[in-house]
Amino acid sequence: MVSLMGSVLFPTLNTWNGSSSSSSRFLVSGRRVYSDASSSGHSMIACACMAPPRNLRAADGFSASKFNDSRNLENLNVDQELEGESDVLIECKHVYKSFGEKHILKGVSFKIRHGEAVGIIGPSGTGKSTILKIMAGLLTPDKGEVFIRGRRRHGLISDDEISGLRIGMVFQSAALFDSLTVRENVGFLLYENSSMSENQIATLVSQTLAAVGLKGVEDRLPSELSGGMKKRVALARSIIFDTTKDVIEPEVLLYDEPTAGLDPIASTVVEDLIRSVHLKGEDALGKPGKIASYVVVTHQHSTIRRAVDRLLFLYEGKVVWQGMTHEFTTSSNPIVQQKELLVEVGVVNEMSRTILGIPGNGGGGLVRDLNGCMIFAFAQSCVHCFNMVAETTAFMYKLQFCMSKDHLKIVVLDSFGGFP
Ligand SMILES: Nc1ncnc2c1ncn2[C@@H]1O[C@H](COP(=O)(O)OP(=O)(O)OP(=O)(O)O)[C@@H](O)[C@H]1O
């Protein structure tokens, strides 16, 4: 996963409304910090890309961002209202994006509808995180259009005035502000922008934490939490919202590789959590979740199986296949068949790591492919990057594994015998 523009972002993109109190405030280590935020009498959006105050920088390069606009839906100037399309929350239309000479997205089009649980899969470097950031409004397309509830977004989310949808982004690791308590982390947006009282916020924070299965941790610092608890806190921070508003917009959550680097049990917990906060799910309190739709970028087959209903397959800068998850496994599309194996090899990475030990030690072992066939794999070289030959009874694949602290990239270099 590529980190977001190399900097830790504010966890929220905030809207101030002139009708609320004239200053926003935030409690830092027992001190209340006020910032003059709203005297103009109309909504203002703070850029998600603003660097947080130094003492609010997250510890580990992860951040969760929420982009929130509270204006009334009636004010929407709908540019594009297609018949039967009223449930489309986000649409990307012919989106192109290059970084220098690298042409990453070459005409990506898809829609995210109300109630959907969508996965974006595809080989490493194909632009999955990039399209997620474009949806979130953190990157602009070079060409093409992004529609939010039918209205075209111009530029970044921070310089546009689109309302009617909250978009949250949850990155790979927790990125909690290490000097703030769990309560302050989760309630950050509300302390900063809402007119809610401290008691109201504290109650809402506790309810939201309970919804993700956490109780009694409000006063702890992030350093006092386990990795899994941090992920829950980050999720709570991304789903909390001001319940006192007159109009509450639906929210789409964008997850970038939420289970990368987790062992299978921890992955399952996160996958179930993602489901539970969706409106079709049930949270830890037994209540329906509040997230209207979500999009998950993932390499992990278990995440596809457990957390996603529909898939977009991104390949060489385009969506080459989309359909329901069960259709993916039976697809006769040759690209999908090939990548299916790729995805599954990604799943076994933890296992292969265990079997092979430290990469480069020349070890080898058996791993299982999607069809249950045993594959013999052995490492060939180096410390962080190594090649592997994976062999089934009928086929042999030469794979390149590029392993960093928490990420494993797998590229098919060559295949022998062709794909079935
Ligand atoms: N801000 C940037 N500046 C320059 N290059 C970038 C930037 N963001 C992404 N890239 C490049 O664009 C390509 C696509 O990156 P992206 O993270 O979207 O891929 P991905 O499909 O999510 O990959 P992975 O599965 O490995 O996380 C990569 O080659 C990456 O190095």
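In each ligand, atom 1 is the first atom listed, and ligand 1 is the first ligand listed.
- Between F188 and F177, the ring-plane angle classifies as tilted under the 30° and 60° cut-offs.
- Within 6.0 Å of atom NZ in K290, 12 or fewer heavy atoms from other residues, nucleotides or ligands are found, so the atom counts as exposed in its surroundings.
- Inspection of the T303 and E271 side chains reveals an N or O donor paired with an N or O acceptor under 3.5 Å.
- Of all atoms in ligand 1, numbered sequentially from 1 with element shown, those under 4.0 Å from a heavy atom of T130 are 15 (O), 16 (P), 18 (O).
- Ligand 1 has a nitrogen or oxygen under 3.5 angstrom from a nitrogen or oxygen of G127.
- By heavy-atom distance, the residue among K133, K102, K97 lying nearest atom 30 (C) of ligand 1 is K102.
- Close contacts of ligand 1 with T126, meaning ligand atoms under 4.0 Å from a residue heavy atom, involve 19 (O), 21 (O).
- The shortest side-chain heavy-atom distance between I90 and I167 falls under the 4.5 Å cut-off.
- Looking at E257, H103, K128 and measuring to atom 21 (O) of ligand 1, the nearest heavy atom belongs to K128.
- The two residues S98 and H103 have their closest heavy-atom pair at OG-ND1, 2.7 Å.
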